[in-house]
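Below you'll find the structure, written out as structure tokens, and then a few comments.
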There are 2 protein chains.
Amino acid sequence: MSQMTQTAASEARPYHHGDLSRALVEAARRILETEGPAALSLRAVAREAGVSPAAPYHHFKDKGELLDAVAHEGWAALDTALDAARRKAVDGKERMTGLGVAYVGFARENPALYRVMYDCSRDKDALPEQMKEEGAYCQVRNTIGERSGGTVSPIDLELATIAAWCAAHGLAEMASFKQFDALKDALGGEEAFLRAVFEHLGMFAKFDQA
Amino acid sequence: MSQMTQTAASEARPYHHGDLSRALVEAARRILETEGPAALSLRAVAREAGVSPAAPYHHFKDKGELLDAVAHEGWAALDTALDAARRKAVDGKERMTGLGVAYVGFARENPALYRVMYDCSRDKDALPEQMKEEGAYCQVRNTIGERSGGTVSPIDLELATIAAWCAAHGLAEMASFKQFDALKDALGGEEAFLRAVFEHLGMFAKFDQA
DNA sequence: CACCGATCCTAACAACGTCAAGATAATCTT
DNA sequence: AAGATTATCTTGACGTTGTTAGGATCGGTG
């Protein structure tokens with residue numbers, strides 16, 4: 001045991017790896033960050049982990065299942081990013097736009113990972129199960145609920161959460177488009193741009209107490 | 001000439017195809033509709049068009065350029081769909097939500113094509129050039145502009161357009177998720193669900209004249 | 001008619017996802 | 001402790017993909 005996640009094929013690892021499934025997921029994330037999603041082949045992951053092309057099949061049914069594991073870690077990371085953003089702001093409105101900015105920021109800083117997360121979701125036509133009763137999605141719902149003072153019907157709360165989530169996702173996918181560069185400059189940078197867009201999404205006004 | 005877009009390899013077509021680039025794009029769209037995006041290989045397209053695997057390279061630099069052509073047609077189709085929706089409604093608010101519903105409807109009815117459209121855009125980090133001065137994006141901007149009575153600053157108009165576009169795109173990508181099935185049923189179907197979400201996106205309220 | 005460029009085909013390459021069979025090591029049984 | 005079992009990893013192969021090189025065929029121009 002005590003295999004110490006090695007960064008590549010090196011130091012003559014023993015025949016049995018120790019924790020290959022973990023090493024594979026980490027190798028995949030490393031490739032995503034450094035070479036982009038196009039370079040993420042199963043064989044490349046195995047290579048990066050210092051293992052034969054067929055080895056991953058003892059830990060994952062196929063390539064999709066490996067990506068599922070990567071996506072799972074991605075959702076967890078997004079969760080903690082949103083959690084941090086939610087704690088930072090006290091004001092209700094700022095807390096909401098702060099969440100949005102943090103969401104898009106995460107997608108912009110981890111574009112390849114973000115893509116994998118949604119590609120996996122699309123293949124199953126569902127966000128990960130875990131998001132239902134906890135996780136990032138619920139953070140958004142709770143934040144909206146708090147801000148409304150708890151007087152909102154469950155259906156309206158769900159609709160508002162969906163609306164917010166969709167808007168953030170759409171913005172996350174488009175924020176990198178060159179078309180908006182001039183506008184970003186005019187507004188004083190990317191974050192100002194994001195805040196401006198979120199302010200135009202006045203979707204929570206109807207829930208404001210004040 | 002007079003080649004009549006043939007639906008597959010058949011009737012012993014002459015050595016020179018006549019209009020292969022067009023036939024390839026149509027073959028690609030056919031595959032997208034019937035077998036989904038995973039089956040869309042260059043070789044499959046060539047097969048469907050009744051031509052050798054290397055033939056497409058005389059008309060497109062690589063697979064990406066073929067997909068660009070497919071995406072281009074997709075944007076045109078989306079444009080006409082939005083145009084029809086815009087004409088149908090007279091009331092300003094209904095015209096806006098009608099646009100949104102039509103947008104998501106297009107994405108839901110042509111999911112594979114819609115995916116290709118955005119995948120191509122992402123590869124270039126930009127929406128197609130044509131969208132800037134005309135096309136679907138401008139229809140949204142114009143509709144917002146009309147509704148505001150023309151009193152909105154160019155920057156605010158652009159921001160509102162981006163906000164609306166992002167929200168619609170996000171909803172288009174998520175509307176198929178199973179998580180929302182119960183909610184759709186509770187609201188009386190998919191379109192009612194879409195309208196409800198768009199109503200929660202009160203992003204145009206600040207532009208209302210009344 | 002001879003030529004030429006455009007178009008298409010065949011053949012091949014490397015890389016990919018995946019599987020079957022064999023080698024190796026850790027674990028369990030007695 | 002020895003043998004048997006099971007999990008893990010490797011080698012080698014198959015079919016498919018994107019792409020390229022070189023040869024065949026056609027339409028149009030001189």
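Proteins get letters first, then strands, A, B, ... in listed order; numbering begins at 1 in each.
- Within the structure, salt bridge (charged side-chain N to carboxylate O under 4.0 Å, His left out) pairs that include any residue of residues 185-194 of chain A comprise A:R108-A:E190, A:K184-A:E190, A:E191-A:R195 (at least two apart or interchain).
- Listed pair B:H59 / C:dC8 meets the phosphate criterion, a side-chain N or O lying under 4.0 Å from OP1 or OP2.
- Taking A:T34 as the reference, nothing meets the side chain to side chain contact (heavy atoms under 4.5 Å, CB included) condition, with sequence neighbours excluded.
- Note on residues 62-71 of chain B: pairs passing side chain to side chain donor-acceptor pair (under 3.5 Å), not counting sequence neighbours, are B:D68-B:K124.
- Nearest to the side chain of B:S52, among D:dT10, C:dC9, D:dC9, sits C:dC9.
- At whole-Å resolution of the value, CG in B:L20 and C1' in C:dC9 are 13 Å apart.
- Listed by chain and residue number, A:R115, A:R122 satisfy the side chain to side chain contact (heavy atoms under 4.5 Å, CB included) test with A:D119 (two or more places apart in sequence, or in another chain).
- Between the CG atom of B:L24 and the C1' atom of C:dC8 there is a distance of 12 Å, rounded to whole Å.
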Heavy-atom protein contacts under 4.0 Å, nucleotides 12-18 of chain D, coded B base, S sugar-phosphate only, - none: -B---BB
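- A donor-acceptor contact shorter than 3.5 Å is absent between the side chain of A:D83 and the backbone of A:D79.
- The side chain to side chain contact (heavy atoms under 4.5 Å, CB included) check on B:H169 picks up A:E173, A:M174, B:Y103, B:Y114, B:Y118, B:E173, with sequence neighbours excluded.
- Atom-to-atom, CZ of A:F60 to P of C:dG17 comes out at 14 Å; the value is rounded to the nearest Å.
- Rounding to whole angstrom units, NE2 of residue B:H58 and P of D:dT19 are separated by 14 Å.
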